[in-house]
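This report concerns only the one structure given below.
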Amino acid sequence: KNEVEQSPQNLTAQEGEFITINCSYSVGISALHWLQQHPGGGIVSLFMLSSGKKKHGRLIATINIQEKHSSLHITASHPRDSAVYICAAVTGNQFYFGTGTSLTVIP
Amino acid sequence: DTGVSQNPRHKITKRGQNVTFRCDPISEHNRLYWYRQTLGQGPEFLTYFQNEAQLEKSRLLSDRFSAERPKGSFSTLEIQRTEQGDSAMYLCASSLLIGEKLFFGSGTQLSVL
């Protein structure tokens with residue numbers, strides 16, 4: 001079993017839809033990261049969370065430490081949001097990565 | 001460009017050859033990570049440096065893999081006697097503090113023929 005599980009694995013949405021990607025983890029963490037990976041491999045860090053909620057533009061990330069669960073929300077989705085979204089749990093010196101959620105936003 | 005730089009971007013090699021990749025982290029970042037990613041999977045941790053000290057090494061890393069970070073600046077990852085199963089994207093990332101925001105390089109795509 002992976003330390004970090006993401007769902008769904010694949011997601012297709014119409015432009016403008018509200019999107020939620022979920023991440024559950026089994027290890028005790030000091031922080032959780034949400035990353036965005038575009039085709040070609042480039043990875044960009046979106047958020048680092050240790051509690052509560054963070055917002056950046058149309059992106060919102062929440063974390064519930066007690067439930068060991070985090071969500072990434074995208075409001076008013078756009079085709080340029082199409083990418084793989086990866087959550088990573090930080091424990092000690094290690095990052096445990098989920099396998100990613102592949103999002104496709106159709107115009 | 002002040003981001004994380006990796007070279008080469010692509011490497012094609014024959015099985016049994018040695019390869020070396022280089023990562024130049026963001027200059028003030030003292031933490032440097034190497035990851036491996038195969039298609040459809042999230043990155044897998046390989047090894048981690050704090051300054052020049054290699055603090056952790058994944059059990060995934062066989063004796064054919066070695067990494068160095070002399071002087072706590074750039075890092076190299078060497079794979080000896082490459083095997084087809086080594087084909088993957090090798091990613092480097094750096095951060096200023098433990099658990100803080102990671103900055104990734106573009107990766108080195110290794111293909112072992």
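Below, chains carry the letters A, B, ... as their sequence lines are ordered, and counting in each starts from 1.
Atom CG of B/Leu113 has more than 12 heavy atoms from other residues, nucleotides or ligands within 6.0 Å. Heavy atoms from other residues, nucleotides or ligands lying under 6.0 Å from CD of A/Glu67 number 12 at most.
Within the 4.5 Å cutoff, side-chain heavy atoms of A/Ile86 are placed close to those of B/Pro43. Between B/Phe103 and A/Ile43 the shortest side-chain heavy-atom distance does not fall below 4.5 Å.
Each of A/Ile29 and B/Leu102 belongs to its own hydrophobic cluster when Ile, Leu, Val, Met, Phe, Trp and Tyr are linked at side-chain heavy-atom distances under 4.5 angstrom. Hydrophobic clustering of Ile, Leu, Val, Met, Phe, Trp and Tyr side chains at less than 4.5 Å, counting indirect connections, unites B/Phe65 with B/Val112. In terms of hydrophobic clustering, with Ile, Leu, Val, Met, Phe, Trp and Tyr side chains grouped at heavy-atom distances under 4.5 Å, A/Ile63 and A/Val90 are assigned to different clusters. There is a path of hydrophobic side-chain contacts, each under 4.5 Å, that joins A/Leu59 to A/Ile19.
Rounded to the nearest 0.5 Å, atoms CG (B/Leu91) and CZ (A/Phe97) are 8.5 Å apart.
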When the side chains of residues 45-56 of chain A are checked against the rest of the protein, which donor-acceptor pairs come out under 3.5 Å, sequence neighbours left out?
from: A/Lys54; atom 1: NZ; to: A/Met48; atom 2: O; distance (Å): 2.7
from: A/Lys55; atom 1: NZ; to: A/Gly57; atom 2: O; distance (Å): 3.0

Could you pull out all donor-acceptor pairs under 3.5 Å where a side-chain atom in residues 7-22 of chain B meets a protein atom, sequence neighbours excluded?
from: B/Asn18; atom 1: OD1; to: B/Arg81; atom 2: N; distance (Å): 2.8
from: B/Arg22; atom 1: NE; to: B/Asp24; atom 2: OD1; distance (Å): 2.7
from: B/Arg22; atom 1: NH2; to: B/Asp24; atom 2: OD2; distance (Å): 2.9

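The one candidate from B/Tyr48, B/Phe45, B/Tyr33 that meets the ring pair (Phe, Tyr, Trp, His ring centres under 6.0 Å) condition with A/Phe95 is B/Tyr33.
For A/Leu35, the part lying near chain B is the side chain, with the backbone staying farther off; criterion is any non-hydrogen pair under 4.5 Å. Both the backbone and the side chain of B/Gln41 come within contact range of chain A, judged by heavy atoms closer than 4.5 Å.
For residues 14-94 of chain B, the pairs satisfying disulfide bond (SG atoms under 2.5 Å apart) are B/Cys23-B/Cys92, with sequence neighbours left out.
The stretch residues 7-18 of chain A places none of its residues near chain B, where near means some heavy atom under 4.5 Å from a heavy atom of that chain.
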